[in-house]
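One structure is given below, represented as structure tokens, and several questions about it will come after.
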Amino acid sequence: MVELATISNGLEGIVVAETKISEVDGQLGRLIICGRDSEELAFASTFEDTCKLLWSNLSEQAPSSQELKALFGKARVDAFELLKSNPSVLSQKDPMDALRTATSNLNGGTEVSSAAYAKITAAVAVFAANWSRVKRGLPLVAPNPNLGHAADILRMLRDKEASEAEANALDTYLTTVSDHGMNASTFTARVVASTESDNVSCVVAAIGALKGPLHGGAPGPVLEMLNEIGSPENAERWITKELDSGKRIMGMGHRIYKVRDPRAAIFELAITKLERAGLQASQLPLARAVEQKAEQILAQRHPERPLKANVEFYTAVLLNSIQIPHDLFSAMFAAGRVGGWLAHVAEQRATGRLIRPASRYTGRIPQ
Ligand code: COA
């Protein structure tokens, strides 16, 4: 039997692909998406334009911004038709379970094109928004294909148009989370793509990976934490109790970042922009105080490892400020990240190489 030299349980530090999609510098706290700094892109791009950028390496001639916006609008309408004909796909109680089920009803295919990708990407948002309506006992709301994607997500959730400032904030959110190096769900999508399976299967598998609390499931618990803490003077006691009982502080720590996650700063800025537009983000001062306390306590307990706020910490405050129900936070993450997943699917398909690592057998060997 061949003895394999090293095992890397979490694949930490293992480079599995070359990519032009995004770069995460964990030491500097820098995220580059398709050659643009995330801090700049976050406030300059609609989600559709971010997808245009993410999908710019597809072999086809890229659609214009207007064409892609129209493709998204049409795809939202198509996804809604699917929902109307089969509303039971949203019946599961867990939003990520429902998202996985509903998405798996889309047509597969291995086509690498903006049209095929927009169909899946837009559908994820329609499913997420309407799952929330079903959950709240409200009727489904049809998309408006003439609106921007972010504005229409908010409109479907509320059955009322959101302000421009709120739509911009959601564009910032979706753009910022659209890609992030070789994270677990992206790797999952690439593994599935490497088997030459279809695009929908890649996305469904990635949704399954994103669902886990160590990946995309943290912002809901962050909001619950802030609600339980209630005011800054309770932060120390609450955090200490949580850590003493062996729990982790959600929204803190990251596998790659050794400094504060740059996306936390982007969301903080997005929240202050909302405040400037007259929207109250009442949890911002509390979130800042809790972050500071958590960072201080974690530094005492883990002097060997910097544990600072990650993307999910301020996701909770940002999405809460634009009235996205907290049980929908992970699904909103999926609605943004799906753009990146599909860009990686295309990149992986282009390599034409099956991802198939090895394991070391430690079981019994028959004599
Ligand atoms: N709260 C308390 N302790 C934490 C922690 C947190 N948020 N994050 C890491 N630690 C501790 C671990 O308990 C571990 O301690 P130990 O060595 O005494 O067991 C040590 O720091 C190293 O953790 P490890 O699990 O090896 O780090 P990782 O790179 O695998 O983890 C995360 C990265 C994100 C999974 C981890 O920081 C975490 O669980 N954070 C909370 C969940 C979260 O916010 N997820 C969203 C990520 S974007």
Side-chain angles (χ1 to χ4, degrees), residues 7-14 22-27 29-31 33 38 42 96 173-188 206-229 235-268 287 290-320 326 328-337 340-341:
I7 295 181
S8 177
N9 272 330
L11 300 184
E12 215 161 339
I14 307 285
S22 69
E23 162 70 0
V24 182
D25 186 327
Q27 301 295 335
R30 186 177 192 193
L31 167 61
I33 298 178
S38 54
M96 294 298 275
Y173 172 75
L174 296 171
T175 290
T176 304
V177 301
S178 64
D179 203 58
H180 199 249
M182 196 53 66
N183 59 86
S185 57
T186 297
F187 182 55
T188 303
I207 291 172
L210 186 69
K211 181 187 170 190
L214 297 190
H215 188 4
V222 169
L223 195 63
E224 282 154 24
M225 167 177 77
L226 294 178
N227 288 339
E228 275 178 40
I229 292 176
E236 182 162 1
R237 190 161 31 91
W238 193 95
I239 293 164
T240 305
K241 180 171 71 57
E242 205 72 357
L243 291 173
D244 286 348
S245 64
K247 294 194 189 133
R248 292 184 177 204
I249 307 302
M250 290 294 126
M252 300 296 293
H254 198 274
R255 173 64 64 84
I256 305 290
Y257 291 119
K258 303 302 170 219
V259 294
R260 194 173 187 248
D261 187 329
R263 298 166 299 174
I266 292 172
F267 293 165
E268 245 187 309
V290 172
E291 179 195 356
Q292 206 182 22
K293 198 41 89 183
E295 192 180 312
Q296 189 190 330
I297 297 173
L298 286 168
Q300 285 158 5
R301 296 195 180 210
H302 291 279
E304 79 297 346
R305 185 184 178 93
L307 293 169
K308 299 183 189 286
N310 63 46
V311 62
E312 312 234 345
F313 201 90
Y314 286 94
T315 288
V317 186
L318 176 62
L319 296 187
N320 197 43
H326 91 264
L328 204 60
F329 288 177
S330 300
M332 278 296 120
F333 194 162
R337 183 57 59 86
W341 290 335

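Numbers here are sequence positions counted from 1. For ligands, and for the atoms within them, numbers begin at 1 and follow the listed sequence.
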**Prompt:** Among the heavy atoms of P213, does any lie under 4.0 Å from an atom of ligand 1?
**Reply:**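 Checking ligand 1 against P213, which is what was asked, there is a heavy-atom contact under 4.0 Å.
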**Request:** Decide if atom CZ of R260 counts as having more than 12 heavy atoms of other residues, nucleotides or ligands within a radius under 6.0 Å.
**Result:**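 It does: R260 CZ has more than 12 such atoms within range.
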**Asked** Between atom CG of D25 and atom NZ of K258, what is the distance when rounded to the nearest 0.5 Å?
**Response**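 Reported to 0.5 Å precision, the distance equals 11.5 Å.
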**Request:** Check whether any side-chain heavy atom of W238 sits under 4.5 Å from a side-chain heavy atom of K293, and report yes or no.
**Result:**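 Counting from C-beta outward, W238 and K293 never come under 4.5 Å.
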**Prompt:** Under a 4.0 Å heavy-atom limit, does L298 contact ligand 1 with its side chain, its backbone, both, or neither?
**Reply:**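 The part of L298 near ligand 1 is the side chain, not the backbone.
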**Message:** Angle between ring planes, Y257 versus H180, binned at 30° and 60°: parallel, tilted or perpendicular?
**Reply:**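 Correct class here is tilted.
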**Message:** Please check: side-chain N/O of N320 versus main-chain N/O of L318, any donor-acceptor pairing under 3.5 Å?
**Reply:**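 Side chain of N320 to backbone of L318: no pair is present.
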**Message:** Counting only heavy atoms closer than 4.0 Å, does ligand 1 sit against the backbone of L214, its side chain, both, or neither?
**Reply:**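 The answer is both.
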**Message:** Between ligand 1 and K247, is the shortest N or O to N or O distance under 3.5 Å?
**Reply:**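 In this structure, K247 places no N or O atom under 3.5 Å from an N or O of ligand 1.
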**Prompt:** Hey, does the side chain of D261 reach the backbone of V311 with a donor-acceptor pair shorter than 3.5 angstrom?
**Reply:**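 The answer is yes, because a donor-acceptor pair under 3.5 Å joins these two groups.
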**Item:** Proximity of R255 to ligand 1 by residue part, where a heavy atom lies under 4.0 Å
**Value:**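 It is both parts that get close, each with some atom under 4.0 Å.
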**Prompt:** Out of I256, N310, I239, who gets a non-hydrogen atom closest to atom 43 (C) of ligand 1?
**Reply:**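 Among I256, N310, I239, the closest heavy atom to atom 43 (C) of ligand 1 belongs to N310.
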**Message:** Tell me if the CD atom of E242 is crowded by more than 12 foreign heavy atoms within 6.0 Å.
**Reply:**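 Result for CD/E242: enclosed.
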**Asked** Between M250 and ligand 1, is there a nitrogen or oxygen pair with a distance under 3.5 Å?
**Response**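 So ligand 1 has no N or O lying under 3.5 Å from an N or O of M250.
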**Which segment of E12 sits under 4.0 Å of ligand 1 when only heavy atoms are counted** =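 None of E12 does.
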**Message:** Tell me the nearest of H215, R248, H180 to atom 32 (C) of ligand 1, using heavy-atom distances.
**Reply:**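 Checking each option, the heavy atom nearest atom 32 (C) of ligand 1 is found in R248.
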**Item:** Proximity of L243 to ligand 1 by residue part, where a heavy atom lies under 4.0 Å
**Value:**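 Answer for L243: side chain.
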**Asked** Under 30°, 30 to 60°, or over 60°: which ring-plane class applies to H215 and F333, parallel, tilted or perpendicular?
**Response**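 Answer is perpendicular, since the angle exceeds 60°.
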**Message:** Show me which atoms of ligand 1 lie under 4.0 Å from any heavy atom of G251.
**Reply:**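 Contacts of ligand 1 toward G251, numbered from 1: 43 (C), 44 (O).
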